[in-house]
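Chain A is the first sequence line, chain B the second, and so forth, proteins listed ahead of strands; every chain is numbered from 1. Keep in mind the model is a prediction, meaning the values are calculated, not measured.
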Amino acid sequence: MLKVSLPDGKVLEFDRRIRPIDIAMEIGPRLAKATLAAQVDGQIVGANAFLPDEGEVALRLITARDPEALNVMRHSCAHVMARAVMRLHKGIQLAFGPTVENGFYYDFQTEKPLSEEDFPQIEAEMAKIVKEDEPFERIEMDRIEALQFVKDLGQGFKVEHIETGLAEHGHVSFYRQGEFVDLCRGPHVPAAGAIGAFKLLSVAGAYWKGDATRQQLQRLYGTAWFKKEDMEAYLTKIEEAKRRDHRVLGKQLELFTIDPMVGSGLILWLPKGATIRRQLENFLYAKLLDIGYQPVYTPHIGRIELYQTSGHFPYYAESQFPPLYSHPMGGVVQELLQLWAKGEIDDDAMAARLEGYMHTNVPARIRPHVPNYEKLPSSRQKIAAMETWLEKQERYLVKPMNCPHHIKIYQSKPRSYRELPLRLAEFGTVYRFEQSGELNGMTRVRGFTQDDAHIFCTEEQVAGEFRGCIEMTQYVLKTLGLTDYRVRLGFRDPASQKYVGSVETWQRAEDALEAVCRNMDLPNLTIERGEAAFYGPKADFVVADCIGREWQLGTVQLDYNLPSPQRFGLEYVGADNHPHQPVMIHRAPFGSFERFVGMLIEHFAGAFPLWLAPEQARVMVVSQKVEDFGRQIETRLRQAGFRVTGDYRAEKIGSKIRDAQLELVPYMFVLGGREAETGQVALRDRLEGDLGTMSLEDAIKRLQAEVEARTIRQVVKGSAGIGGKKEENAY
RNA sequence: GCUAGCGUAGCUCAAUUGGCAGAGCAAUGGUUUUGUAAACCAUAGGUUGUGGGUUCAAUUCCCUCCGCUAGCUCCA
């Protein structure tokens, strides 16, 4: 006897094996037809899966109207895609095919690479399968049986997955749809006909089990929706995101550029972009002074010893720009020593190699000099002598981070507890050699400026200081109208070796951080293990822009390690006249100006609020006859503190307005004979159009008020209208 | 770094099976002196990313390198 309770409170009783679809049928044939899956005691299962024989379950039938149905259908669509690909191509090895936000993918190993040219054919085959409407049939087997089954199918990835990933499962399930059978947990829609609109989006490489050392597969991405309109809306949204791409807008609006001759991932800020950045810098700088930070400046390079002490070198060697050596052989010796350390060169070969450089192979002036090298008794000692030589050379690193420099400022004199918290701030530019495939416009670069600061404080001050950092970040985000964000706590992954410091220290730091955050009632606080910096746990602000994409921006990090005796050994003299170790907080509310401005460009779709707009107003004359009057107004606006330009070309006023609109200039001063006579100005708002005639003073007051309040007048959900049609510009 | 794709004028894009590299916008010169989203005429602009190969002939086919795009891996 099975008792089934439905969401409306009704309880049905069955004394036979029954499936959700049967229950739906009892309620009504139309419901049965619409039922795609079911929720049993909170878990999503297939509509054809048998319910337990006895006991009590809560059942909810899922139709296309329920959000859960979409994922079930998308996963079924992934199977249909895989089936279509296997029909069209020989020798396909199936890997995984899960759903993702807005769609699904399937990983294959193929004999011939797939390309977008194959999409129409695959889509046509999929459409055929959907039309045939064959059912998805669940088959369960025990592990041994299943293993033989996938071996017989010749599906090597599935064999491996059953042997390793599913090692603990006694039984596994398959889904059959026509000739296509796939190892799969399910659930699926009852039959392929339930799949609505779908489209293949892209093909890309992906590593088997996400491991870069394993073979690379072909990943086919697709999207699927119940209604064609939903898919159209989704595709439109993708188009919209493309239209406000900061790389496109950055070029059109002349905000920044990247030149291959300067280098990949190195941003050249054009005057307009630089203006926006400067406004943000000024805004932050004023705030920093206001709340007790002290500005400092530090150089762009530092001796390698500095980073050896901090622990950055050589552990991040592959993501640093190569070190600068004063001796020409420095880099070669360093490289050899690294290979030797990895065991790729044995002791004797290493010693012989170095000896060659020292005495025979290279001109005297660039030889490393180690006295009596050849008299050293063993290869080991020769290598050690070489290491000593290398360490004596001057070696510099382009700085990958600012903290070691700020630590040295802290250590520039003895510190008393009376000086703490000491807050050192710098807009510090750092360089990291990111992988070429990772670079992306302004959001992932190789040189960037952090709005960095390091706070040195006592253990007792940690909570208050940490809280202050989070509040500052919140203030900054709020000012820019970025109200939709979540806070992610990054803790250490106990299984990983990449972290420095003792477990106890980490525990203390993580507890302190979590306590502060819980206390502040931050939105959607999550904890993620393995997301910590190597020296301490952190709180990251993940900001959603106006079309819902997430960006990791600000960060606050707690650090008990760099100040420790094993690293820099920071101290202050306490009230007890004894030395104590301070705690460090690293924080950057924007993260970096590059990424932040890149995100802002997309968030505002290039239409910055007046206080940030590179060009706040443009004076334009109806006729060149009134150019002198126009220039007077332009000068007076500039004197009033505005970033203003003038358009005195022999163009019609409509043309000048159009240009200013497309360049997203917030205000236009339209001046003709009437204004020249009365001395007044006709003001035009980019959003609202003609505001009519007023005195210059009134216009200035209006604009000044908007700047001072840092008003955000619009966050454009649609396109900003760059190159678009007029209808699209309606707000 | 890996897989796939792309690279034509400042920008957006054309160029039949390999057969004289073109348009719009922008720029420059001129005419027009204009009232709230595009006046008109003319001119100039290119070693088709780079280097090599195949061919009578390469923007087109093949290879190298550089750069870009999507995804994967990475992100102190």
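Note that CZ of A/Phe466 and CD1 of A/Ile455 are 10.0 Å apart. Values are rounded to the nearest 0.5 Å.
Rounded to whole Å, the separation between the C1' atoms of B/A15 and B/G24 comes to 16 Å. Separating the P atom of B/G52 from that of B/U43 is a span of 36 Å, rounded to the nearest Å. Taking the P atom of each, B/U47 and B/U8 are spaced 13 Å apart, rounded to whole Å. Annotation: B/A70 and B/C13 have their P atoms spaced 15 Å apart (nearest Å). Distance check on atom P: B/C6 versus B/U54 gives 24 Å, rounded to whole Å. The separation of B/U55 from B/C74, taken at their P atoms, amounts to 47 Å, rounded to a whole angstrom. B/G45 and B/U28 have their P atoms separated by 16 Å, given to the nearest Å. As rounded to the nearest Å, B/A58 and B/U12 have C1' atoms that lie 25 Å from one another.
Here the rule is side chain to side chain donor-acceptor pair (under 3.5 Å) with A/Tyr648, and of A/Glu627, A/Arg631, A/Gln624, A/Glu634 only A/Glu634 fits it. If you run side chain to side chain contact (heavy atoms under 4.5 Å, CB included) between A/Val681 and each of A/Val670, A/Leu691, A/Leu671, only A/Leu671 comes through. A/Trp208 pairs with exactly one of A/Gln93, A/Glu160, A/Gln215 by the side chain to side chain donor-acceptor pair (under 3.5 Å) rule, that one being A/Glu160.
Following rounding to the nearest Å, A/Leu683 (CG) and B/G35 (C1') show an atom-to-atom distance of 15 Å. A/Arg649 places its CZ atom 17 Å from the P atom of B/U31, with the value rounded to the nearest Å. Counting to the nearest Å, the P atom of B/A76 and the CH2 atom of A/Trp506 are 11 Å from each other. Counting to the nearest Å, the C1' atom of B/A76 and the CD atom of A/Gln552 are 12 Å from each other. Between the CD1 atom of A/Ile653 and the P atom of B/U33 there is a distance of 16 Å, given to the nearest Å. The separation between A/Ile407 atom CD1 and B/A76 atom P is 17 Å, rounded to whole Å. When rounded to the nearest whole Å, the span between CD1 of A/Ile657 and C1' of B/U36 equals 3 Å. Atom pair A/Gln252:CD and B/C11:P shows a separation of 12 Å (rounding to whole Å applied).
Residues A/His586 and A/Asp559 bring a donor and an acceptor atom of their side chains to less than 3.5 Å of each other. One side chain, A/Asn402 or A/Gln450, offers a donor N or O that lies under 3.5 Å from an acceptor on the other. In this model, no donor atom of one side chain and acceptor atom of the other lie less than 3.5 Å apart for A/Gln680 and A/Arg674.
Because its NZ or CZ atom is both nearer than 6.0 Å to the ring centre of A/Tyr105 and within 45° of the ring axis, A/Arg219 counts as a cation-pi partner of that residue. Remark: A/Arg686 fails to qualify as a cation-pi partner of A/Tyr667 under the 6.0 Å distance and 45° angle criteria applied to the six-membered ring.
Within 4.0 Å (heavy atoms only), A/Gln320 reaches at least one base atom of the nucleic acid. A/Ala660 comes within 4.0 angstrom of no nucleic acid atom, judged by non-hydrogen atoms across all strands. As judged by a 4.0 angstrom heavy-atom cut-off over every strand, A/Ser115 is placed among residues making no nucleic acid contact. Nucleic acid contact for A/Ala650: base, since at least one base atom lies under 4.0 Å from a heavy atom of the residue. Within the nucleic acid shown, A/Gly311 has no heavy atom closer than 4.0 Å to any nucleic acid atom.
Under the 4.5 Å side-chain criterion, counting only non-hydrogen atoms from C-beta, A/Ile304 is not in contact with A/Tyr396. Put simply, the side chain of A/Val398 does not reach to within 4.5 Å of the side chain of A/Gln320, judged on heavy atoms. A/Asn440 places none of its side-chain heavy atoms less than 4.5 Å from the side chain of A/Glu434.
In this model, no side-chain donor or acceptor of A/Arg432 finds a partner on the base of B/C75 within 3.5 Å. Put simply, the side chain of A/Glu254 and the base of B/G10 share no donor and acceptor less than 3.5 Å apart. Remark: the A/Gln624 side chain and the B/U33 base include a donor-acceptor N/O pair separated by less than 3.5 Å.
Side-chain proximity of A/Lys251 to the nucleotides B/C11, B/G35, B/A37 is greatest for B/C11. Among B/U34, B/U36, B/G1, the nucleotide with an atom closest to any side-chain atom of A/Gln435 is B/G1. Comparing B/A38, B/U34, B/A76 by their closest approach to the side chain of A/Arg658 singles out B/A38. If you check B/G1, B/G35, B/A76 against the side chain of A/Tyr535, the one that comes closest is B/A76.
Here A/Lys538 pairs with A/Asp540 in a salt bridge; the nearest charged N to carboxylate O distance falls below 4.0 Å.
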At under 4.0 Å between heavy atoms, how does the protein contact nucleotides 65-71 of chain B? Give one character per nucleotide, 5' to 3', with B, S or -. --SSSSB
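For the pair A/Asp451 (side chain) and A/Phe593 (backbone), a donor-acceptor distance under 3.5 Å is absent.
Contact check, A/Lys656 against B/A37: no side-chain N or O comes under 4.0 Å of OP1 or OP2.
In terms of position along RNA chain B, the nucleotide closest to A/Glu675 lies nearer the 5' end than the nucleotide closest to the other residue of the pair A/Glu675 and A/Cys403. Looking at which nucleotide of RNA chain B each of A/Arg684 and A/Asp659 is closest to, the 5′-most match is held by A/Asp659.
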Can you name the atoms? Protein N/O to nucleotides 40-49 of chain B N/O, anything below 3.5 Å, with the distance.
none

Dot-bracket for RNA chain B: what is it, with Watson-Crick or G-U pairs under 3.5 Å, [ ] where a pair crosses earlier ones, and | for a pair to another strand? (((((((..((((.....[..)))).(((((.......))))).....(.(((..]....))).))))))))....
